[in-house]
Amino acid sequence: MKIRNLIDFNDMSLEEWDELKQLAFRIKRSPHEFRDTCRGKIMATLFYEPSTRTQMSFQTAMMRLGGKVIGFSDPNASSVSKGETLRDTVKIVTGYSDILVIRNPIEGAAYASALYSHVPVINAGDGGHLHPTQTLTDLMTITELKGKTEGLTIGCCGDLLNGRTVHSLLRALVRFKNNRFVLISTPELRLPDYVLSELTRNGNSFVEVKTLEECIGDLDILYMTRIQRERFRTPEEYAKQAGVYRLTAEKMKLAKPDMAVLHPLPKVDEIDYEVDDDPRTMYFEQAENGMFIRMALIARLSAAERTGRAPVYPLAEGPFCKNPRCISNHEKYLPRLTKIVDGEERCCYCDQKI
Ligand code: NCD
């Protein structure tokens with residue numbers, strides 16, 4: 001694999017994705033063949049935000065490859081609570097390990113970490129921005145169920161504004177051809193512009209609707225998400241959105257017999273308990289695939305050589321990012337890096353327009 005880090009699915013070419021996916025299917029078929037692939041390697045997991053699946057699937061993935069794991073899941077129990085910068089934590093921890101997995105509530109934190117790392121960095125979720133390894137999981141599951149990731153009608157329902165899994169998945173799916181995206185949300189929780197503006201590439205198209213009932217019968221895949229309570233400014237704003245969408249057995253009767261229901265999990269109240277027993281729900285299988293695809297990713301990325309000292313960047317130079325949730329506005333020493341996408345200047349950390 002040519003890429004060194006996985007910060008965004010789009011860091012990867014489609015050929016690299018294809019190779020990774022084939023490897024994940026091989027691992028799933030015969031995991032014992034890979035039990036020594038990472039023997040002697042150490043993975044560090046820095047989880048600044050709660051996680052069950054992502055953290056445990058990364059940890060078990062490394063253990064099943066024969067490697068070991070260090071890290072924290074409660075930053076209050078580390079030097080972060082003493083005020084250590086992200087840059088210092090990354091420099092220290094990557095001095096000890098062969099691969100770094102990071103989850104952080106601030107957008108662009110994984111990109112920032114990779115600037116200062118001696119070893120490959122994997123983004124396990126950066127605030128409401130991206131979650132590329134969930135995308136790998138989702139694409140693997142869609143391929144397994146439908147045999148392809150193009151020409152599908154895919155509904156995404158719930159908190160499209162704050163749901164990083166949806167942002168990552170849609171930005172990946174537009175790289176394949178002729179998908180039709182049905183975006184099901186309230187006007188307050190619409191998809192952010194930086195994702196919306198990409199959805200018509202490669203013959204893809206989208207519609208925005210308000211209810212599940214009006215579109216469920218057309219869908220090949222329904223990707224449900226939870227309302228992201230922790231991203232709301234006030235409990236009142238959350239309360240207005242909570243419980244708006246609910247997938248019930250009645251609504252499932254309107255869906256195609258082979259529609260698949262996916263969910264990155266955890267689910268709260270957006271799927272009725274009885275729907276869990278419908279054979280079209282695939283989220284538990286999806287979560288298991290997450291371990292196999294992460295095994296493939298760790299196996300490939302941890303094969304890279306360690307670099308010596310991380311490069312030196314000019315301190316805090318460049319145009320300010322207007323996004324208050326962007327890491328460049330929190331860790332003040334970071335260089336303010338931008339890139340041009342479709343003729344527009346965007347922040348390298350959080351992708352928002354400058
Ligand atoms: C998701 C996340 O953390 O973004 N969970 C996960 O990693 N599977 C989805 C969520 O928290 O709603």
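Atoms within each ligand, like the ligands themselves, are counted from 1 in listed order. Residue numbers start at 1 and run along the sequence shown.
- Close approach to His131 involves these atoms of ligand 1, each under 4.0 Å from a residue heavy atom: 2 (C), 4 (O), 6 (C), 7 (O).
- Put simply, the side chain of Glu208 never gets that close to the backbone of Phe206: no donor and acceptor are under 3.5 Å apart.
- Taking the six-membered ring for Trp and the full ring otherwise, Tyr333 and Tyr313 have centroids separated by 6.0 Å or more.
- Considering each of Val166, Thr52, Leu265, the one bringing a non-hydrogen atom nearest atom 9 (C) of ligand 1 is Leu265.
- Ring geometry, Tyr111 versus Tyr349: the interplanar angle exceeds 60°, so the pair is classed perpendicular (tilted spans 30 to 60°).
- Nearest-residue assignment for atom 10 (C) of ligand 1 (options His263, Arg226, Arg231, Arg229; heavy-atom criterion): Arg226.
- At least one heavy atom of Arg103 sits less than 4.0 Å from an atom of ligand 1.
- With values rounded to the nearest 0.5 angstrom, Ser302 atom OG is found 9.5 Å from Met43 atom CE.
- The shortest N or O to N or O distance between Arg164 and ligand 1 is under 3.5 Å.
- Residue contacts with ligand 1 include Pro266, since one of its heavy atoms falls under 4.0 Å from the ligand.
- Taking the centre of each ring, Phe25 and Phe292 stay at or above the 6.0 Å mark.
- In terms of protein heavy-atom proximity, atom 8 (N) of ligand 1 is nearest to Pro264 O, 2.9 Å.
- Rounding to the nearest 0.5 Å gives a distance of 12.0 Å between OG1 of Thr133 and CZ of Phe9.
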